[in-house]
Amino acid sequence: MVRGKRHRVLPGFGLTCGYTLTYLGLVVLIPLATLFLRTSSLTWAQFWTTVTSERALFAYKLTIGASFLAALVNSVFGLIVAWVLVRYRFPGRAILDALVDLPFALPTAVAGISLCALYAPGGWLGGMLQKAGVQAAYAPLGVVIAMVFVSLPFVVRTVQPVLADLDQEVEEASASLGARRWQTLRRVVFPSVLPSLLTGLALAFGRSLGEFGSIVFISGNMPGRTEIASLLILTRLEEFDYAGATAIAVVMLGMSFGMIFVINVLQTWSRRGAV
Amino acid sequence: MSIEIQGVTKVFGDFKALDQIDLTVPSGELVALLGPSGSGKTTLLRVIAGLESADDGSILFDGEDATTRHVRERGVGFVFQHYALFRHMSVFENVAFGLRVRPRRLRPSREEIRERVMKLLKLVQLEHLGKRYPGQLSGGQRQRVALARALAVEPKVLLLDEPFGALDARVRQELRSWLRRLHDEIHVTSVFVTHDQEEALEVADRVVVMSGGRIEQIGTPEEVFHHPANEFVMHFLGNVNVFHGRVEGGKAVFGDVAVEHGEAGTATRSSEVEPLDDEAKPAKVFIRPHEWDIAVYRNGRPAMEAVVIHVNAAGPVVKVSLLSESGEPVHAELPLEHYRSLELRTGQRVFLSPRKVKVFFD
């Protein structure tokens with residue numbers, strides 16, 4: 001028996017899918033393909049020397065290291081922020097909640113300038129740190145600070161809905177079974193939040209990898225000391241070394257892709273055993 | 001362990017959830033807290049558990065004051081309506097949780113924990129599902145895991161909050177009789193909350209009917225069903241026909257019908273039946289649907305005339321909807337065989353005589 005064509009309430013698969021493919025092609029795939037095309041003007045040996053030059057290697061190391069550190073810092077403090085926003089009702093909570101999104105909305109250059117003014121040796125916080133013997137601006141620490149700033153919302157906004165969905169009865173069940181507070185936190189609450197926290201960490205890490213605008217102001221951009229990978233690309237471009245710039249860009253692209261992969265794996269993992 | 005609740009009051013904002021509750025649950029009994037939503041039954045259960053603190057009054061376990069004791073020190077097992085299982089743990093780990101979180105000196109060894117969890121899983125008939133996660137189980141299975149988890153810490157009191165409320169009718173029926181058998185096996189003092197009168201009457205040793213933060217009646221299922229203390233209990237425990245009538249010369253009178261109302265002397269909180277008073281007093285007359293005799297011809301018994309409107313004969317008990325002469329809807333139930341011998345049709349005029357009535361004065 002031949003069934004008739006299935007009828008949907010909202011038809012238009014052909015149209016929307018065609019649009020999706022065209023759009024993704026134009027916006028994502030073609031620019032990325034150009035990157036590889038440009039890079040391919042280099043020979044393997046040239047490519048390898050470019051992407052493994054001492055300056056480039058340092059830039060990756062700084063970018064990845066600082067990003068990871070920033071993500072780690074945010075996963076601790078972002079979790080606390082999310083916890084407070086979800087669990088407690090207090091005056092000004094809505095404002096605080098909105099404040100979390102500010103790094104999303106703020107032009108990164110604005111963030112960069114204000115951070116720079118604050119943490120520079122003459123600045124309010126920078127001066128205090130200076131006295132304590134710590135240099136924030138124009139040092140790797142400045143890079144981390146800028147990254148922490150821009151990637152905070154990612155952790156908070158990933159963890160927040162999961163915390164809000166946490167059934168408080170589960171905590172009551174834990175307590176009724178004799179668990180102490182920290183046992184309930186460690187064995188019941190934390191494992192439920194962990195997958196989303198890891199996703200948030202990965203997102204914050206990815207965001208920090210790509211951050212440029214706010215860092216250039218505070219880092220001082222010293223090659224081999226505070227120069228991040230994105231800035232190195234810009235420097236290469238300014239030297240009209242297009243192929244060299246794209247070669248480093250390809251490496252960055254690889255890292256970003258790796259991040260997306262990790263995020264997906266984490267999300268799959270977080271759904272195991274879930275209802 | 002026995003539970004004594006003395007003058008417990010709990011207020012949420014302007015809402016009085018519990019109003020001076022006094023209740024004693026003897027050791028080993030299975031008691032149902034029955035009432036509509038908002039009656040305070042869940043709040044009372046949570047106060048007993050220590051998940052909610054009473055604003056006034058005290059809770060005694062075996063005569064010992066436990067009012068200020070923290071939930072983890074009360075030794076109660078609590079089963080939640082929506083199971084509240086730990087989703088990231090396997091069934092085995094869920095049940096083992098209460099043993100694993102014990103301080104080291106009280107914690108059983110790995111083998112002992114394993115043995116006890118397996119024994120409990122067997123008790124709830126889930127021994128083959130220990131490795132599964134809660135998300136992979138059906139609702140009935142999850143609730144059994146929750147029960148095993150609560151029993152793992154050997155609670156002296158088991159508290160269940162609408163344990164079958166989220167399950168479908170068949171599973172609910174099964175688990176209900178299973179819970180009754182389980183209780184007969186382990187004899188732990190248990191209190192469960194339900195809004196389902198059938199469930200309460202079927203499972204519990206004693207039923208506590210609540211409304212508006214107060215206890216309306218405490219009694220065995222038979223007592224509360226056959227001798228309701230007041231109108232509320234009468235209404236809440238099953239369907240009932242209500243007529244505004246009066247009591248005159250020892251008889252209940254409604255419409256053209258006057259019958260002996262029996263059950264004289266049943267104390268009620270709202271009123272007292274006084275059968276020997278000759279003066280007519282306005283009263284409400286309650287008749288359960290199954291207490292009607294339906295006759296096709298007038299047979300000398302006091303009866304009200306009514307017209308059959310609708311018949312539902314699907315099941316062993318036939319439900320008949322009628323309209324009395326004065327235009328009031330009347331519900332009656334009769335055995336299928338009897339219904340067949342009467343040959344009732346829609347639109348037919350019949351005569352209804354009550355076998356038993358219950359009277360409450362206004």
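All chains are named by letter (A, B, ...) in the order of the sequence lines, taking the proteins before the strands, and each is independently numbered beginning at 1. These values consider heavy atoms only, across backbone and side chains, with no hydrogens, waters or symmetry-generated copies. None of these values were measured; they are calculated from a predicted model.
In this structure, the portions of A:S174 lying under 4.5 Å from any heavy atom of chain B include both its backbone and its side chain. Neither the backbone nor the side chain of B:A146 comes within contact range of chain A; no heavy atom of the residue lies under 4.5 Å from a heavy atom of that chain. Neither the backbone nor the side chain of B:L99 comes within contact range of chain A; no heavy atoms are under 4.5 Å apart. In this structure, chain A has heavy atoms under 4.5 Å from both the backbone and the side chain of B:R100.
Looking only at distances, a side-chain donor or acceptor of B:H88 sits under 3.5 Å from a matching main-chain atom of A:R187.
A:L177 and B:V101 get closest at one heavy-atom pair: O-CG2, 4.0 Å. Pairing each heavy atom of B:A84 with each of A:A173, the nearest pair is O-CB, 4.0 Å.
Heavy-atom neighbours of A:F104 CZ from other residues, nucleotides or ligands within 6.0 Å: above the threshold of 12. Heavy-atom contacts from other residues, nucleotides or ligands closer than 6.0 Å to CZ of A:R89 number more than 12. Counting heavy-atom neighbours within 6.0 Å of A:F90 CZ, excluding the residue itself, gives a total above 12. Within a 6.0 Å radius of CG in A:L26, other residues, nucleotides and ligands contribute more than 12 heavy atoms. Within 6.0 Å of CZ on B:R180 lie more than 12 heavy atoms contributed by other residues, nucleotides or ligands.
When the ring pair (Phe, Tyr, Trp, His ring centres under 6.0 Å) test is applied to A:F13, no partner is found at least two apart in sequence or on another chain.
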Please output the side-chain donor-acceptor pairs of residues 45-52 of chain B that fall under 3.5 Å, not counting sequence neighbours, one pair per line with the distance.
from  : atom 1 : to     : atom 2 : distance (Å)
B:R46 : NE     : B:E52  : OE1    : 2.9
B:R46 : NH1    : A:E172 : OE1    : 2.9
B:R46 : NH2    : A:E172 : OE1    : 3.4
B:R46 : NH2    : A:E172 : OE2    : 2.6

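Comparing A:T184, A:L194, A:V188, A:D167 by heavy-atom pairs within less than 4.5 Å of chain B, the highest count is held by A:V188. Interface summary for chain A: among B:F86, B:Y83, B:F78, the most heavy-atom pairs under 4.5 angstrom belong to B:F86.
Rounding to the nearest 0.5 angstrom, the gap separating the CZ atom in A:R181 from the NE2 atom in B:H70 is 5.5 Å.
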